[in-house]
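First comes the structure, then the notes that go with it.
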Amino acid sequence: MMPLVNEYSIGLDLGGTNLRAAAIDRSGAILEKTSGSTQFSAGRQAVMEEMVSSISGLRAKLGAAGLAGIGIGVPGFIVFKEGVIRNSNNLPFLENFPIRQELQQRLGSFVILENDANAAALGEKWMGAGREVDDLVLLTLGTGIGGGIIAGGRVVRGHNGMAGELGHIVTVPNGNPCGCGSQGCVEKHASATAVTAMARLMQLGENLSSKEVHDLAHEKSQRGAKAREIWRVMGESLGCTLAMLINTFNFPLYLLSGGMLPAWDLFGPPMMQAVERQSATYRLTKDTTRIEQATLGNEAGLYGAAYLPWIEDRPATA
Ligand SMILES: [Zn+2]
């Protein structure tokens, strides 16, 4: 028998500096939205409290009977089955804490914990640029670079949940050191942070945003030429990453998201040249392999988190 309630799920995105949550129905319509006010610097108890109150608030408005489950997107390396963050630069105070179990107990609802970029990739597959395909890769270009892989409509997690850490693909052997312990990771050469750092090293300014470096690159001056060089290096590093991904997966769609996308006019051409040069698979499948901009922006993670309860099995402990 069909239930007589309107079913919905709740997606929560714990990215950046605070949290956002939304109640979304099975068709992808956002029914209610909320954002938290607690700064992450307030620590674990405060953030857990904020998650519980955001979710309870949405559930109270829409009715507990219709709630299919809760998906939470968090930055960091996740142990999916345990619902635990093993390592996170953004949320160190949540590391090795049983987040999923704690939330399930306090809320009495089915909870799934997912990496934020995986959730964003799933969101793009459900309601964004990837709606027409079952297989895609998303790279989120921010202060770091996140990655999510969707195959057969599902998140590829590996055996722990740590697959898709694509920001740590090495594109420059012996390149810039990375917090992960490696050197030359693409996020050290093609993230917003990397663009700002390159601008500083090239004496264009101490703390330029990627937008400022983009604007500068359109100037016909010595400084403009330096800024264009930054975007060339950034594009080549990204292109190298995409070439490896295309060679690995032969998927039809590779999406880029994040605040640097407006600079595509500058990094796009060197990126595509690198893809052409480094991926035979791309050259042979050019007419059916697309590299495009994601379309959901900040909302992708919310959509993906909310979609998880519809497609994932309930763990035995739930
Ligand atoms: Zn790294």
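In each ligand, atom 1 is the first atom listed, and ligand 1 is the first ligand listed. If you read the sequence from its start, that first residue is 1, and numbering goes on from there.
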* Structure fact -> Test side chain to side chain contact (heavy atoms under 4.5 Å, CB included), reference I72, set L103, I112, D116, I99, output is L103

* R157/E114 ion pair, N-O < 4.0 Å -> yes

* Asked: In chain order, what residues pass the side chain to side chain donor-acceptor pair (under 3.5 Å) check against E292, with sequence neighbours excluded?
  -> R290

* Asked: Is any NZ, NE, NH1 or NH2 atom of the basic residue among R200 and E206 found under 4.0 Å from an Asp or Glu carboxylate oxygen of the other?
  -> yes

* Co-members of F77 in a cluster of I, L, V, M, F, W and Y side chains, linked at under 4.5 Å -> V79, M162

* What protein N/O/S atoms sit under 2.8 Å from the Zn ion (ligand 1), by chain and number? -> H168 ND1, C178 SG, C180 SG, C185 SG

* Structure fact -> Using a 4.5 Å side-chain heavy-atom cut-off and chaining through intermediate ILVMFWY residues, the residues clustered with L284 come out as none

